[in-house]
Peer 1: 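Quick one: this structure, given as structure tokens, is what I'll be asking you about.
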Amino acid sequence: MGRQQGWFALILALTIASGALLASFGLQLGLDLRGGSQLTLQVMPAGAITRVDREQLEAVKDVLERRINGLGVAESTLQAVGNDQLVLQLPGEQDPTQAARVLGSTALLEFRAQKPGTEAEMKGLLALKRQAEAVLRSKRPPIGASPNAPARPPVPELSSKDLARALASLGVDVPAGSGETDQIDLLLKEANRRILRLYGPPLITGKDLTSAGRQQQPTGEGWDVTLGFNREGGEKFAALTQSIAGTGRVLGIVLDGRSISEASVGEQFKVAGITGGAASITGNFTAEEARDLEVQLRGGSLPLPVKIVEVRTVGPSLGAENIRSSLAAGLAGLALVAVFMVMVYRLPGFVAVLALSLYALYNLAVYALIPVTLTLPGIAGFILSIGMAVDANVLIFERVKEELRAGNTLIRSIDTGFSLAFSSILDGHVTGLISCAALFFLGTGLVKGFAVTLAIGLLLSLFTALTCTRTLLRLLMSYPALRRPTYFLPARELPPAKPMDATPGVA
């Protein structure tokens, strides 16, 4: 009796703990239930690499995972598909534009010194670049402004005549029908291309970085990106800045083949250069641009270029509809199982329904604790595991009925039923777990989610069928009013009562 009370206390404690876990952590919903975005990324071969293999795919995945963590997108998942594709799921993210821009960029950072003898040409190109950037910036709505707010007027320094003259001087062919913004974009691209030609080879790269951050400019008009170098990178940076200090030449900071900042170095650094192992990229970045650049640099450069081949968005209304449909299907299935068990197995069927309710609670608590991201296939695995848990109870109760038909007592029939059904239940669950292992290690994406939820359910169903059901049934048997074979089996199926032996009377 004491042993049964101990098991009952354990079940009660697990029930309370499971409820507390669900209340504290809740369930993580996947893309198909919560809504969000899914990006399919194609890893492209480059240079001497003509074919992407699994090792190179994992290297790209590691860099992208660091960038995703830097973006702060909660509950995102990045999974490899085949040898050259990655699938990124961003639950709750309805606009994947920013993530696509950050993830798709190579983020190859280089520091280059301007070539001697190019000062005049560089001065003109930088002036043109500043003008073009100012015009484009003036056309952007202020941060926090309504999308329908009127755009700020362009700066007057670059009129239509000046724009046409600048395009002609750079030899830019303007397609017919191009608007002003398109023409300025063409001008800016050509200016950047020519500026890049005036730099020498890269002397410092992103591999020399140890940290990246961002800070707002003292004027409050823009943001800067701060950099920290390792020891070797700090020495290179000091030598590089010393070589151009006071010469009028600029230090170019190049990201993915585009000059994002050009800095002059004062004559005061001619003796030792800029020491301290730190630098700042000043490019009049917005808060979002500075954050994206920080994330890219902290995550590192991609070993191979990445191309976004598909973007799929699931609306929150569709996710809510999936939740409602799944919940209705699960509750309907559980209700039908409960009715079947009570009608066929009577009192043990009622006990089985209680055990299944505990099973469902424990299952959801484990999902919240690990945590498991719940998807539609995951819900299917959960419902299927409920069926496995019912099968275990059916095996046990059928054994109990056989023992009762054989004329055994009620308590002996219950104990024997559990003992005889154990091997069959164990074999069925082990084979199911083997299938789950095969699905998890050989499958991808949503198939793995199905395998995980099904495996958790199979392990818990063993506990609830062999422990919870038995403990609850023995607890009810402690009440004499419930200790009746007809609560387990119809009276017509019970063996006839054995007649009592006649006792000779005393004369």
Side-chain angles (χ1 to χ4, degrees), residues 28-47 49-108 256-257 288-289 291-293 295-296 299-323 325-326 372-381 439-452:
Q28 288 190 6
L29 301 181
L31 182 69
D32 48 2
L33 297 180
R34 183 178 169 185
S37 301
Q38 176 175 297
L39 284 72
T40 302
L41 311 172
Q42 181 83 36
V43 181
M44 311 297 292
I49 300 175
T50 58
R51 183 178 180 183
V52 179
D53 58 24
R54 192 72 180 184
E55 182 178 353
Q56 293 157 347
L57 183 67
E58 289 297 324
V60 173
K61 182 182 175 184
D62 289 341
V63 175
L64 292 181
E65 283 178 340
R66 290 196 294 270
R67 293 190 184 180
I68 294 168
N69 293 335
L71 283 173
V73 181
E75 302 170 16
S76 59
T77 58
L78 181 65
Q79 297 174 334
V81 179
N83 288 329
D84 61 354
Q85 283 193 343
L86 295 165
V87 174
L88 171 64
Q89 292 188 347
L90 304 171
E93 181 62 56
Q94 296 300 318
D95 184 11
T97 306
Q98 181 191 18
R101 183 174 62 252
V102 173
L103 297 178
S105 176
T106 308
L108 177 60
D256 291 341
E288 292 78 9
E289 290 170 343
R291 176 173 174 268
D292 292 347
L293 181 55
V295 168
Q296 290 171 328
S301 61
L302 289 171
L304 290 174
V306 172
K307 179 182 179 182
I308 299 174
V309 296
E310 182 185 16
V311 177
R312 183 168 65 91
T313 302
V314 178
S317 58
L318 179 58
E321 179 62 30
N322 289 337
I323 293 177
S325 301
S326 302
V372 173
T373 301
L374 205 57
T375 61
L376 283 176
I379 291 177
L439 288 174
F440 182 81
F441 289 108
L442 300 179
T444 58
L446 299 178
V447 176
K448 286 191 173 184
F450 172 81
V452 169

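The figures here come from the full heavy-atom set of this structure, side chains too, leaving out hydrogens, waters and symmetry mates.
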Peer 1: Could you state the interatomic distance from OG1 (Thr40) to CD (Gln89), rounded to the nearest 0.5 Å?
Peer 2: 9.5 Å

Peer 1: Which is it for Asn83 and Val52 under the side chain to side chain contact (heavy atoms under 4.5 Å, CB included) test, yes or no, and what are the steps along the way?
Peer 2: CA-CA 7 Å; Asn83 288 329; Val52 179; 5.8 Å; no

Peer 1: What distance do Lys307 atom NZ and Leu41 atom CG have between them, rounded to the nearest 0.5 Å?
Peer 2: 12.0 Å

Peer 1: What heavy-atom pair brings Gln56 and Arg51 nearest, and what distance separates the two atoms?
Peer 2: OE1-O, 3.3 Å

Peer 1: Could you work out, with side-chain contact (heavy atoms from CB on, under 4.5 Å) as the rule, every residue matching Glu58, not counting sequence neighbours?
Peer 2: Arg54, Lys61, Ala80

Peer 1: Run the side chain to side chain donor-acceptor pair (under 3.5 Å) test against Arg312 and tell me which residues pass, sequence neighbours left out.
Peer 2: Gln38

Peer 1: Using the rule given for side chain to side chain contact (heavy atoms under 4.5 Å, CB included), can you reason through Leu64 versus Leu88, listing the C-alpha separation, both sets of side-chain angles and the distance that settles it, and then say yes or no?
Peer 2: CA-CA 10 Å; Leu64 292 181; Leu88 171 64; over 6 Å; no

Peer 1: Work out which heavy atom in Leu439 is nearest to a heavy atom in Ala451; give both atom names and the distance.
Peer 2: CB-CB, 3.7 Å

Peer 1: For Gln42, check side chain to side chain donor-acceptor pair (under 3.5 Å) against everything at least two apart and list the hits.
Peer 2: Asp84, Gln85

Peer 1: Would you give the length of the straight line joining atom OG1 of Thr313 to atom CG of Leu90, rounded to the nearest 0.5 angstrom?
Peer 2: 9.5 Å

